[in-house]
Undergrad: 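One structure coming up, written as structure tokens, with questions to follow.
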There are 2 protein chains.
Amino acid sequence: MLNRPGQARLPGPRRKSSIPAAEAVAAQAATGKVDYGRLDDSLGYVLRRAQLAVFKTFQSTFKSADVTPAQCSVLLIIEKNPGLTQTQVSDALGIKRANFVALFDTLEARGLAQRAPASDRRSYALQLTPRGRALLRKIHTLSEVHEDRISVPLTKPERTELFRLLNLLLAPLEQGDDDGA
Amino acid sequence: MLNRPGQARLPGPRRKSSIPAAEAVAAQAATGKVDYGRLDDSLGYVLRRAQLAVFKTFQSTFKSADVTPAQCSVLLIIEKNPGLTQTQVSDALGIKRANFVALFDTLEARGLAQRAPASDRRSYALQLTPRGRALLRKIHTLSEVHEDRISVPLTKPERTELFRLLNLLLAPLEQGDDDGA
DNA sequence: TATTGTTATACTCTATAACTATA
DNA sequence: TATAGTTATAGAGTATAACAATA
């Protein structure tokens, strides 16, 4: 609820009018653009818009792979850390264990990953299937395309600096969460 | 689904085992930390975490005002642009008209804003109430506190640079949406 | 007792279609 | 015929509680 597409048209009142009368507010804004005031100086607002815009770009870039960012992150974690349990993967990604079940069910139903027996018989050792490894090769390619697309307006040094600043911002905020990563 | 709290414990299998046998995957990751691989170099992933962390900070900072970021943005827009219609405000913030109704109903029920008659009798001229203006004074104060809190790890020039880079990143991505702001 | 995976559930946010009253 | 506000609804994403199997 914090995007920023375009503008609309003109104002006026109607039926279910709850207020008494209110002298037909001038509507000085009916002419030009909308003044965003402090919102333009709000880091949270800009971050929200950036995240939403990048997410949309992700969708269009990854539509041939048919994976959401969440599914993608799970596959990447398992690729780098085969044998982790559901709790470990979901904790690593900030996903609730309960919500991870359906998410992984989808990956398993598509034959991309599977639950293998582990020494502790309460849990599973998560691993990729050959098909999952094949899809990951595509995902790695698409990831590069995606990063390149969203980084177009930035120079290499600017992109590096953006990463540095975001991680700098993130560090103290992610401390007081639950344990600390 | 893309946070990054802490780690979990250890792996192993269990009952609804769907795969044949799979030689008890070594689980080389059961010892130390999780390797995030490309996720750490993903702008989308870092942005998502930053946005989530900032949102959490917002909640704790603004709990005394009892407003969500979305409600806050609506109040700020109406403050700066009194007389706009629901379509204009929701378009400006990227909120669907249909979803704006309940959002504004809440603000109106709390006596913070109201629907005033407009010249075009299909629409309303949205405006603040005295109570809404009073709350906005508090919101402006809390906004400063909030921005200061999340900006702690950044110097003034770094914060300015972060804004510049985010807006740079945003500009081309928000072009191909619907019309263009 | 504590933990893992699981189910059920609820609440929020988001998206679409269709209706009404106006234009 | 088109637009503003509205309603209904469906789909994600997220959060908590409670249960069975296992430790």
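By convention in this document, chain letters (A, B, ...) are assigned in the order of the sequence lines, proteins followed by strands, and residues within each chain are numbered from 1.
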Undergrad: Can you find a side chain N or O atom of Thr87(A) that sits less than 4.0 Å from OP1 or OP2 on dT3(C)?
TA: no
Undergrad: Expressed in angstrom and rounded to an integer, what is the separation of Gln51(A) atom CD from dC13(C) atom P?
TA: 15 Å
Undergrad: Can you check nucleotides 15-17 of chain C for protein contacts, nitrogen or oxygen pairs under 3.5 Å, and list what you find?
TA:
unit_1: dA15(C); atom_1: N7; unit_2: Asn99(B); atom_2: OD1; d: 3.4
unit_1: dA15(C); atom_1: N7; unit_2: Asn99(B); atom_2: ND2; d: 2.9
unit_1: dA15(C); atom_1: N6; unit_2: Asn99(B); atom_2: OD1; d: 2.9

Undergrad: Between Arg121(A) and dT22(D), is there a side-chain N or O to OP1/OP2 distance below 4.0 Å?
TA: yes
Undergrad: Which listed nucleotide (dG5(D), dT3(D), dT3(C)) is nearest to the side chain of Thr85(B)?
TA: dG5(D)
Undergrad: What's the angle between the local helix axes at either end of the helix from dT1(C)-dA23(D) to dA23(C)-dT1(D), using five pairs per end and rounding to 10 degrees?
TA: 10°
Undergrad: Checking Phe58(B) now: which residues fulfil ring pair (Phe, Tyr, Trp, His ring centres under 6.0 Å) with it, not counting sequence neighbours?
TA: Phe62(B), His146(B)
Undergrad: Return the value, rounded to whole Å, for the distance between atom CD of Gln59(B) and atom C1' of dA15(D).
TA: 12 Å
Undergrad: Go through dT7(C), dT22(D), dT22(C) for me and flag the one nearest to the Val101(A) side chain.
TA: dT7(C)
Undergrad: Between Thr85(A) (side chain) and Tyr124(A) (backbone), is there a donor-acceptor pair under 3.5 Å?
TA: no
Undergrad: Mind listing the closest non-hydrogen atom pair of His140(A) and Glu79(A) along with its distance?
TA: NE2-OE1, 3.0 Å
Undergrad: Would you mind reading off the distance between Arg97(A) atom CZ and dT16(D) atom C1', rounded to a whole angstrom?
TA: 11 Å
Undergrad: If you define the side chain from C-beta out and look only at heavy atoms, does anything of Leu126(B) sit under 4.5 Å from Asn81(B)?
TA: no
Undergrad: Which nucleotide wins on minimum distance to the side chain of Thr68(B), given the candidates dC13(C), dA21(D), dA23(C)?
TA: dC13(C)
Undergrad: Holding to side chain to side chain contact (heavy atoms under 4.5 Å, CB included), I want the full list of residues that pass it with Ser60(A), two or more places apart in sequence or in another chain.
TA: Arg149(A)
Undergrad: Is the distance from OP1 or OP2 of dT6(C) to the nearest side-chain N or O of Arg115(A) less than 4.0 Å?
TA: yes
Undergrad: Expressed in angstrom and rounded to an integer, what is the separation of Leu103(A) atom CG from dG13(D) atom P?
TA: 8 Å
Undergrad: Looking at residues at least two apart in the chain, or sitting in another chain, which of them share a side chain to side chain contact (heavy atoms under 4.5 Å, CB included) with Val152(B)?
TA: none
Undergrad: Could you check how far CZ of Arg49(A) sits from P of dT14(C), rounded to whole Å?
TA: 15 Å
Undergrad: Run the side chain to side chain donor-acceptor pair (under 3.5 Å) test against Gln86(B) and tell me which residues pass, sequence neighbours left out.
TA: Arg115(B)
Undergrad: For the pair made of CG in Asp66(A) and P in dA12(D), what is the distance, rounded to whole Å?
TA: 12 Å
Undergrad: Choose from dA4(D), dT6(C), dC13(C) the nucleotide whose nearest atom is closest to any side-chain atom of Gln86(A).
TA: dT6(C)
Undergrad: Return yes if the base of dT3(D) and the side-chain atoms of Arg122(B) contain a donor-acceptor N/O pair under 3.5 Å, otherwise no.
TA: yes
Undergrad: Checking contacts here: which listed nucleotide (dA23(D), dG5(C), dT14(C)) is nearest the side-chain heavy atoms of Arg48(A)?
TA: dT14(C)
Undergrad: Report the distance from atom CZ of Phe104(A) to atom P of dT4(C), rounded to the nearest whole Å.
TA: 16 Å
Undergrad: Over how many whole Å does the gap from Ile95(A) atom CD1 to dA12(D) atom P extend?
TA: 16 Å
Undergrad: Checking contacts here: which listed nucleotide (dG5(D), dT22(C), dT22(D)) is nearest the side-chain heavy atoms of Tyr124(B)?
TA: dG5(D)
Undergrad: Can I get a per-line list of side-chain donor-acceptor pairs under 3.5 Å for residues 130-138 of chain B, giving both atom names and the distance, sequence neighbours left out?
TA:
unit_1: Arg131(B); atom_1: NH1; unit_2: Arg110(B); atom_2: O; d: 3.4

Undergrad: Under the rule for side chain to side chain contact (heavy atoms under 4.5 Å, CB included), what residues qualify as partners of Asp41(A), not counting sequence neighbours?
TA: none
Undergrad: Return the set of residues passing side chain to side chain contact (heavy atoms under 4.5 Å, CB included) with Ser151(A) (not counting sequence neighbours), or none when no residue passes.
TA: Arg159(A), Leu43(B)
